[in-house]
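Scroll down for the structure; my scribbles are underneath it.
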Protein chains: 2
Amino acid sequence: MSTRREAVRQALSESTGFRSAQDLYADLRSEGSKIGLTTVYRALQALSDAGEVDVLRTSDGEAVYRACLTDTHHHHLVCRECGKAVEIEGPAVEKWAESIGVQHGFSDVTHTVEVFGTCASCAASAQSER
Amino acid sequence: MSTRREAVRQALSESTGFRSAQDLYADLRSEGSKIGLTTVYRALQALSDAGEVDVLRTSDGEAVYRACLTDTHHHHLVCRECGKAVEIEGPAVEKWAESIGVQHGFSDVTHTVEVFGTCASCAASAQSER
DNA sequence: GACGTTTTGACAACCATTTTCGTTTTCGGC
DNA sequence: GCCGAAAACGAAAATGGTTGTCAAAACGTC
């Protein structure tokens, strides 16, 4: 495991939310690192392939990454303001998705489930801005 | 409603699956239309804003669109080979997502749920290629 | 038919991501 | 410690989907 990749992994784990490659690059550079953007992308790709980080796409198509605590299958509750994310599980949803697939004759059924909302602190600060 | 937008809507409704803007543009051009790519994007944007088509992002960030039969909230079971999609509902999932959000103090809770699989006909043709 | 408005499409601009390629670093063996 | 191969790096260029710009064309109205 290279040093650079470790740096990316750590930068990612310092956040509880989803971060984009560009974000992480900016963070690392501002800390004084001489890392290149290419390397950030490569590291994220590798971490993603290894299943060590979760990836999802924002509504404008940008890829965002998160270092999750568990390596078992799970989903996220994501704050649409600050990006903060909570890992959630839903055994019932897993079974439902599987059975829906089977009902329609689909095989190798997988699914993506993400829940979005405004977290308590973002809701509070939005309130105070009025 | 302009003629061009109508053409895009129709091209989209001729497919049961999700199509990208580039796909639709190619379809229309091959039918002899002189439509421009810009206009296809504008039409899709407008249809999407109006809630007349559903949008989602492929894993590589491309936006894909589908003309759905119902205008009520629903999800999709999508074939990862041919893109064919079936509209599905899951009241239990809706409630689950809402309650998960509330449990963690999130407000304005929404969610995205997509189920992927290989449809029967794609599975069959994959089989015959062996 | 003239005129203001809306729609259109060619083209350029954007921007996240990937590729290229020459350089640097790492590492096992000596 | 020294060498050479292999892996990692980073700057710059390329890619590709999507959006912005702007002048021309289509439309409706009087």
Side-chain angles (χ1 to χ4, degrees), chain A residues 1-12 15 17-67 78 80 83 85 112 114, chain B residues 1-12 15 17-67 78 80 83 85 112 114:
Chain A
M1 176 67 59
S2 74
T3 307
R4 294 305 202 193
R5 185 174 309 174
E6 195 53 48
V8 171
R9 188 214 304 273
Q10 171 155 5
L12 196 52
S15 168
F18 281 89
R19 314 295 308 282
S20 72
Q22 308 275 347
D23 283 347
L24 291 167
Y25 172 66
D27 287 354
L28 288 163
R29 296 292 286 207
S30 72
E31 288 174 7
S33 169
K34 291 289 190 300
I35 198 169
L37 185 53
T38 309
T39 305
V40 175
Y41 276 105
R42 267 192 295 239
L44 289 171
Q45 185 73 58
L47 290 168
S48 159
D49 288 349
E52 296 184 42
V53 304
D54 286 359
V55 192
L56 60 83
R57 296 259 170 193
T58 64
S59 58
D60 61 336
E62 195 178 18
V64 287
Y65 303 82
R66 183 175 196 272
V78 187
R80 68 169 66 82
T112 67
E114 304 299 334
Chain B
M1 175 68 57
S2 75
T3 307
R4 293 308 202 190
R5 183 173 308 175
E6 195 53 47
V8 171
R9 188 214 303 272
Q10 171 155 4
L12 196 53
S15 167
F18 281 89
R19 314 294 311 280
S20 72
Q22 310 274 346
D23 283 349
L24 292 167
Y25 172 67
D27 289 354
L28 289 163
R29 295 292 287 207
S30 74
E31 288 173 7
S33 169
K34 292 288 190 298
I35 197 170
L37 185 52
T38 309
T39 305
V40 174
Y41 276 105
R42 267 192 297 241
L44 289 170
Q45 185 74 59
L47 290 169
S48 158
D49 288 349
E52 297 184 44
V53 303
D54 286 358
V55 192
L56 59 85
R57 295 261 169 190
T58 64
S59 57
D60 61 335
E62 195 178 17
V64 288
Y65 304 81
R66 184 176 196 273
V78 187
R80 66 169 68 82
T112 67
E114 303 300 333

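Not measured: the values here are computed from a predicted model. Labels below follow one simple rule: chain letters A, B, ... track the order of the sequence lines, proteins then strands, and each chain is numbered from 1.
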Taking atom P of C:dC15 as reference, at what distance in whole Å does atom CG of A:D23 sit?
15 Å

Are A:T39 and D:dC9 close enough that a side-chain N or O sits under 4.0 Å from OP1 or OP2?
no

Between CZ of B:R4 and P of D:dA25 the distance, given in whole Å, is 14 Å

B:R57 (side chain) donor-acceptor with A:R57 (main chain) under 3.5 angstrom
no

Check: A:L12 main-chain N/O paired with A:S15 side-chain donor or acceptor under 3.5 Å
no

Write down the distance between CD (B:Q22) and C1' (D:dT19), rounded to a whole number of angstrom.
12 Å

From CD1 of B:I35 over to P of D:dA26, roughly how many Å is that when rounded to an integer?
15 Å

Sidechain-backbone polar pair: A:R66 side chain, A:A85 backbone, donor-acceptor under 3.5 Å
yes

Nearest-Å distance, OH (B:Y25) to P (D:dG17)?
13 Å

To the nearest angstrom, the CD-P distance between A:E62 and D:dG17 comes to 18 Å

Base contacts versus sugar-phosphate-only contacts with protein, heavy atoms under 4.0 Å: please encode nucleotides 18-26 of chain C as B, S and - from 5' to 3'.
BB-------

Side chains of B:V8 and B:I35: does their closest heavy-atom pair fall under 4.5 Å?
yes

Sorted by first residue and then second, give each side-chain hydrogen bond (donor to acceptor under 3.5 Å, both in side chains) pair with at least one member in residues 32-43 of chain A; sequence neighbours left out.
A:Q22-A:Y41

State which of D:dT18, D:dG10, C:dT17 makes the closest approach to the side chain of A:A21.
C:dT17

Separation of D:dA8 atom P from A:R9 atom CZ, nearest Å, is 14 Å

Output yes when a side-chain donor or acceptor of A:R5 lies under 3.5 Å from a complementary backbone atom of A:L47, and no otherwise.
no

Rounding to an integer number of Å, can you tell me how far A:L44 CG sits from D:dG10 C1'?
16 Å

